[in-house]
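Worth knowing before you read on, the calculation uses all heavy atoms, side chains too, and leaves out hydrogens, waters and symmetry mates.
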Amino acid sequence: MFKRLLLFTLFCGSTLYGQDYFLKKFHPFNSTIPSPEQFLGYGIGEHHTRHDLIVAYFEKLAEISDRVSIHYYGKTHEGRKLVILTITSPENLTNLDELKRQHLAFTDPNSMALNYNDVPIFINLSYNVHGNEPSSAEAALLTAYTFAASNNPEILGYLKNAVIFVDPTINPDGRDRHTQYANAYQGNPLVADPQDAEHNEYWPGGRTNHYWFDLNRDWLLAINPESRAKLTWYHEWYPNVVTDFHEMGTQSSYFFEPMKSNGSLDPIMPKENYKDLNNMFGNQFAKALDSIGSLYFTKEVFDGTYPGYGSSYPDLQGGLGLLFEQASSRGHKQTTAFGEITFPFTIRNQYTSGITTVKTAVKNKAYMRKYQQDFFKSAIVNAGKSKIKGYIFGDAHDQNRIKAFIDKLLIHKIEVYRSKDKFAVPTKQPQYRMVQTMFETYSKYRDSVYYDASAWSVANFYNMKYKPATSLDLEAQITTTDDLISVSPIQKSNYAYIIDWDDYNAPAALNYLQKNGLTISSSFKPFTAKVGAYSKSLNYGALVIPVSLQKKDADAVYKLVKAAQEEFQLPMYAINSGYSLEGIDLGSPFITPIKKPKIAMFIGDGVRSYEAGEVWHLLDKRVHMPITKIPMRNFDKMKLDEYKTLVMVSGKYGFSEKQQDKIKNWVNKGNTLITIGSASTWAIEKKLVKEKLIKPEKDTLAIAIRKPYVDAGENLGKESVGGVILKMDIDMTHPLAFGYHDSSIPVYKNNTVWIAPSKNEYATVGKYAATPHIDGFLTKENIEDYVKPSASLVVSKVGAGRVILFADNPNFRGSWYGTNRLFLNALFFGDKIKVPSKD
């Protein structure tokens, strides 16, 4: 009873003590600098604070305090400012450029700097990467005020010995979505009932950004402007310590590092990082939280194996990433098993941890600086020990996909060089560990249960053909992708133009030209055309634009084709004859007109927002093509006949029989349904298609072997598929595989959707290879019983239409350039797919 009473008092204490609940320890404060409460007009924790007010308060601090400057490092998709507040002593702030120069010397393997204790420690306090985990951004306001205005000797000592970068909201778009919701449903008096609307956000919730991406997984993949801007800032400053504040389930307590043991057999980060440094800081967090009576736990969960979190990426840059997870009030006050948890209580734990991070970093600044220096020196040493001296990669058929991959390497400051007709990444460079992250694959692991992915070899994301090299022939270093692509300018023709479908940007060019009124066909067989004095071999899917069949004159057609090439930088050819040197001619029935797609996608309750966002982002940002997003609540009044293609991503679809019939009848009419992941399971289980799932054989007479109850979570976790890269064999003659030149491609699997190959000989487009494993943890049982017998991509005939079933997500996290083409082919060529049968 005493424990529950104590927790109740702690959870509700803020209502008794006002803002001194947070700040009492650090009096006195400069009275000329407004506190967050004075500036906002309400106490921290009384309401959720909008991002623009956070920025406005930071701007006020920068205006008034001689310890503070503000930097705008980017903008979100929705145009919100990304800001960082730099706080240190006035002397350090005046001398920041020189301190930065001295600081960066410790990241240079060739530097012999020894002034470890003389340079202030650089600390990045980062908050609110998940928009509906709001306590940390409120703590950022208090933290900024404390360091900007407190004249307490302890704080003044930290300012003298540290440069503190406060990033209050990594995900402003998601935060404001949640802030609006929480404030709109806030009761007066507060409602603690967990079933109240305030504690149960509407779809898609505020966790993600504008396109429903999880930005905490985007540090490595760098798809979104929030992440790209932060990475640019990061590699300018290389902070020694970076915080990553989160929230978790309401019934939990508080988590800080050390994390669960790293799942890798031989982690590429130094053991000193995940052992010594974590314990050094963890001991201090424990003392600080003990002092305010907060309960917590460590080591049990949240492995840092995946290198793309805000708490793991810094570990690969000579710094220390620190994860914090606070039980969420999911609103302003909520009932738990231990009493009521309040918003101010959650904020205080985050505030305390932020201040303690600075305290511990300052106390150990010489140690942290020496560690960072040793980290980059050891990168060179470790690379020298390896037989692999670098990686050679390239693709003669797709310059834009190469460009996107090189862009990814460069944003992580990985050195890239030209090497004859390919590209090379040497291992002997300061970013050696990032090189390993991009190219190395693994099959053996120390642990089998992962918080997130167990495979992330980014080269495979791009279907990039690469190989390790024991020696390199390096030419010019590549420092920008601006002039990376070289295409011959298209010449005018009065007969026809051809666009190579192999290039990643070809779908965007097709959409551009269709949008501007051109009629375009696609070749369903390869051919060789005469282009000027040369011959050009064209692959499956090549686009043909016959000039005489257009509603525009030859000059207008040329102008559009030329504009498309300049915009999307892909190969195009002027043709003066329809007679091919080899293969089909331009008037062949295998060259068929492609209709402009009109696409809809279900969103809303039950739909997996991540996957829906990935489709939306792909079409918006790379193809520049609209997609109609249909809320599930509007399904009954939706006019399906207005669309030719419908996308269903993973989710739990609770359609009635009448609603299922509506979809099936629509497909029957000749339309295309594309299902991904568990939506494919739904289509099969509801008998929309005549395909089957591979399911385990159950022996009802078998007696289970008894196992320890405490091990259940770990044992069952081994059976899941948390994120692996598999090899898929594709039929390159099928329209869904147009544009590929190799029948073997990597595919990402993070589900247990196992589709049996179709009984129709022509309908299984992609099947996992006989030796399927490329990267990531997967049990032998899963490989033998499920992967090897299964298909990844099947087309099933339904009346005059078809259902295209993806077992795996071809658009995973916006970064799977290698399988995006399969999905885009489904959009553009879906209605042309006939499923041959003997019926």
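- With a 4.5 Å cut-off on side-chain heavy atoms, Ser126 and Asp244 do not count as touching.
- Checked against the 6.0 Å centroid threshold, His77 and Tyr211 count as a close aromatic pair.
- Side-chain atoms of Glu611 and Asn811 include no donor-acceptor pair closer than 3.5 Å.
- Using a 4.5 Å heavy-atom threshold, the side chains of Ile84 and Tyr72 count as separate.
- Note: Phe602 and Phe635 meet the aromatic proximity criterion, with ring centroids under 6.0 Å apart.
- Side-chain contact between Tyr351 and Thr146: present, with at least one pair of heavy atoms (C-beta onward) separated by less than 4.5 Å.
- Using modelled atom types, one finds no donor on one side chain facing an acceptor on the other under 3.5 Å when comparing Tyr73 with Tyr234.
- Glu247 places a side-chain N or O within 3.5 Å of a backbone atom of Ser135 that can act as its donor or acceptor partner.
- Between Arg50 and Asp176 there is no salt bridge, since no side-chain nitrogen of the basic residue lies less than 4.0 Å from a carboxylate oxygen of the acidic one.
- Checked for salt-bridge contact, Arg175 and Glu138 meet the test: a charged N lies under 4.0 Å from a carboxylate O.
- Across Ile164, Leu125, Ile70, a single residue satisfies side-chain contact (heavy atoms from CB on, under 4.5 Å) together with Leu85, and that is Ile70.
- Taking the six-membered ring for Trp, Phe165 and His71 have ring centres at least 6.0 Å apart.
- Looking at Asp315 and Ser312, their side chains never bring a donor and an acceptor atom within 3.5 Å of each other.
- Outside the 6.0 Å centre-distance limit, the rings of Tyr610 and Phe812 are not counted as a close aromatic pair.
- Using a cutoff of 4.0 Å between basic side-chain nitrogens and carboxylate oxygens, Glu614 and Arg813 are not scored as salt-bridged.
- Ion pairing of Lys230 with Asp167 is present here, as a side-chain N (NZ or NE/NH1/NH2) and a carboxylate O approach within less than 4.0 Å.
- Ring-centre distance between Tyr313 and Tyr309: not below the 6.0 Å cut-off.
- Ring-centre distance between Tyr653 and Phe655: below the 6.0 Å cut-off.
- Remark: side-chain polar atoms of Asn161 are not paired, donor with acceptor, to backbone N or O of Pro120 under 3.5 angstrom.
- Remark: side-chain polar atoms of Trp203 are paired, donor with acceptor, to backbone N or O of Gly604 under 3.5 angstrom.
- Under the 3.5 Å distance criterion, the side-chain polar atoms of Asn283 are matched with a main-chain donor or acceptor of Asn279.
- Between Tyr296 and Phe255, the ring center distance fails the sub-6.0 Å criterion.
- Not one N or O on the side chain of Asp193 forms a donor-acceptor pair closer than 3.5 Å with the backbone of Thr335.
- A ring-centre distance under 6.0 Å is not found for His130 and His178.
- Interatomic distance, CZ of Phe22 versus CD of Glu37, reported as 9.5 Å (0.5 Å rounding).
- Checked against the 6.0 Å centroid threshold, Phe256 and Phe324 do not count as a close aromatic pair.
- Judged by distance alone, the side chains of Thr208 and Asp214 never bring a donor and an acceptor atom under 3.5 Å apart.
- Although no hydrogens or angles enter the test, the distance criterion places a donor-acceptor pair under 3.5 Å between the side chain of Gln38 and the main chain of Ser35.
- Aromatic ring centroids of His210 and Trp616 lie under 6.0 Å apart.
- Looking at residues two or more places apart in sequence or on another chain, you find no ring pair (Phe, Tyr, Trp, His ring centres under 6.0 Å) involving Tyr254.
- A distance-only check finds a donor-acceptor pair linking the side chain of Thr250 to the backbone of Ser328 [under 3.5 Å].
- The aromatic rings of Phe122 and Trp237 sit tilted, their planes meeting at an angle between 30° and 60°.
- Using a 4.5 Å heavy-atom threshold, the side chains of Thr76 and Asn209 count as separate.
- Between the Asn171 side chain and the Gly174 main chain, a donor and an acceptor come within less than 3.5 Å of each other.
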